[in-house]
There are 2 protein chains.
Amino acid sequence: MNVRMLCLGFLTFGDSTGYEIKKAFQERLSLLYNAGYGSIYPSLNKLHEDGLVMLREEAQNNRPDKKVYSITPEGRACFETYVQRTPGEDHFRSEALTTLMFSHLLPKEHVSDVLDLIIATYQEKIHLLSEDCDMKPTPSEKFLCGFGVKVREAAIDYINQNRHMLESCAQENSKKQTDGVE
Amino acid sequence: MNVRMLCLGFLTFGDSTGYEIKKAFQERLSLLYNAGYGSIYPSLNKLHEDGLVMLREEAQNNRPDKKVYSITPEGRACFETYVQRTPGEDHFRSEALTTLMFSHLLPKEHVSDVLDLIIATYQEKIHLLSEDCDMKPTPSEKFLCGFGVKVREAAIDYINQNRHMLESCAQENSKKQTDGVE
DNA sequence: CTGTGCATGTAAATCGTTACATGATTGC
DNA sequence: GCAATCATGTAACGATTTACATGCACAG
């Protein structure tokens, strides 16, 4: 599922501009995806070229014309076909956890700091999600929101219960490796 | 953390060839990252150019020469500096969950199928991880392995308890939208 | 005789991020 | 006066995926 398809998907909810789609990514999909103008505008152009969306330009004073996109029947059919395919695998990327795979190279304090940072980041996200959850416009978004909370809560519990595994294999003090290169 | 840095990181565990590094990605880091030859071999070449790794070529009969890479002191220093930076944010991408954001377009059975598929996939992963966990060579890997299990267990629980939210907003029968384009 | 493992790579395509470029309006 | 919001985009870069290309050994 790339930015192009997701833009098409957002247009199934109603007409929209590139600018608004950017906001939709932030407000509705930021748990799973984020996109910048640099990918959204070219995507919309491509969708238009392919006849999957239409646009009407609305003149505005002192602003660039607003380009309001709407999905065409072909676009809708295309998206529905796409979304009924068997979905691919999940991907989870964490620079923090990846870093911790190399705990043997890190001073103990740094390992603890990274673990604390992960927990703090997750806690903040949980906080934001909990606040938003009830206000989400669709059941799907509520579901995803709750998912984000529960998974992070489990992650925090796990980290608190098992962090000693990492902290005990880290470098005992902040002595750098540069002297121990062998 | 890109493939180049991860290759460098693997070499802190000991000398290795590109082929072996590919296996290391699969066996040790597949929860967080996966890389193919198409990114590993060019990465190793770049690292060599930059003087961060050395290589010795071992002739073999009827096979391409084996290129055994080892990390240089500069490479080690570079990696340690890199790994002590404050890590960036996590990213979680799920095509299945993204699909479910569009439940309003999907026949109910398909929503259920996708949910069942997510659960089955997670369960299989949990099974594989649980078996491997004890055999993992480093505490870091055990930690990560356990993390993968716990988080997926929480996800499955959440899905089972809340799937009705999605199933009730899906299309009641398998009637396609093509007639209801408005 | 077929598939798996060993062992290397290149080239093209796809995809996304980041930085740049423009410019008025509104609220603090 | 400064930041934020509205509103559009392009260009360069970076990263990864995928398909291609080669070829022996060994097990079933």
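Letters A, B, ... mirror the listed sequences (proteins, then strands); counts begin at 1.
The shortest heavy-atom contact between A/D15 and A/E20 is O-OE1, 4.4 Å. Residues A/G51 and A/T72 share a closest heavy-atom pair of O-OG1, 2.9 Å. Nearest approach of B/A35 to B/V3, heavy atoms of both residues: CB-CG2, 4.0 Å.
Annotation: proximity of residues 34-46 of chain A to DNA chain D (heavy atom, distance under 4.0 Å) is found for A/Y37, A/G38, A/Y41, numbered in ascending order. Heavy-atom distances under 4.0 Å link DNA chain C to B/G18, B/Y19 of residues 18-25 of chain B, given in residue order. Contacts between residues 2-11 of chain B and DNA chain D, counted as heavy-atom distances below 4.0 Å, involve B/N2, B/V3.
Taking atom CD of B/E49 as the reference point, atom P of C/dG9 lies 13 Å away to the nearest angstrom. Between the NE2 atom of A/H48 and the C1' atom of D/dG9 there is a distance of 16 Å, given to the nearest Å. Here C/dG16 presents its C1' atom at 15 Å from CG of A/L29, a figure rounded to the nearest Å. Rounded to an integer number of Å, the gap from A/Q26 CD to C/dT17 C1' is 15 Å. As a whole-Å value, the separation of B/D65 CG from C/dG9 P is 9 Å. Spacing between atom CE of B/M1 and atom P of C/dT17 amounts to 19 Å, rounded to whole angstrom units. Atom NZ in B/K66 sits about 15 Å away from atom C1' in D/dC24, given to the nearest Å. Per the geometry, CZ belonging to A/R56 stands 12 Å off P belonging to D/dT8, to the nearest Å.
Taking B/E58 as the reference, B/R56 meet the salt bridge (Lys or Arg N to Asp or Glu O under 4.0 Å) condition, with sequence neighbours excluded. Residues satisfying the side chain to side chain donor-acceptor pair (under 3.5 Å) criterion with A/Q26, sequence neighbours excluded, are absent altogether. Listed by chain and number, the residues in a side chain to side chain donor-acceptor pair (under 3.5 Å) with B/R163 are B/D116, B/E167 (sequence neighbours excluded). Shown here are the side chain to side chain donor-acceptor pair (under 3.5 Å) partners of B/Y33, two or more places apart in sequence or in another chain: there are none. Residues passing the salt bridge (Lys or Arg N to Asp or Glu O under 4.0 Å) test with A/D50 are A/K46, sequence neighbours excluded. Take B/F102 and apply the ring-ring contact (aromatic ring centres under 6.0 Å, His included) test, not counting sequence neighbours, and it matches A/F13, A/F79. Applying the side chain to side chain donor-acceptor pair (under 3.5 Å) rule to B/E124 yields no partners; only residues at least two apart in sequence or on another chain are considered.
At a cut-off of 3.5 Å, with distance as the only test, no side-chain donor of A/S112 or A/E109 sits close to an acceptor on the other residue.
Taking a 6.0 Å sphere around NZ of B/K142, one finds it holds more than 12 heavy atoms contributed by other residues, nucleotides or ligands.
Other residues sharing a hydrophobic cluster with B/Y37 under the 4.5 Å side-chain heavy-atom criterion for ILVMFWY residues are B/Y19, B/Y41.
Axis angle between the ends of the helix from C/dC1-D/dG28 to C/dC28-D/dG1, five pairs each and rounded to 10 degrees, works out to 40°.
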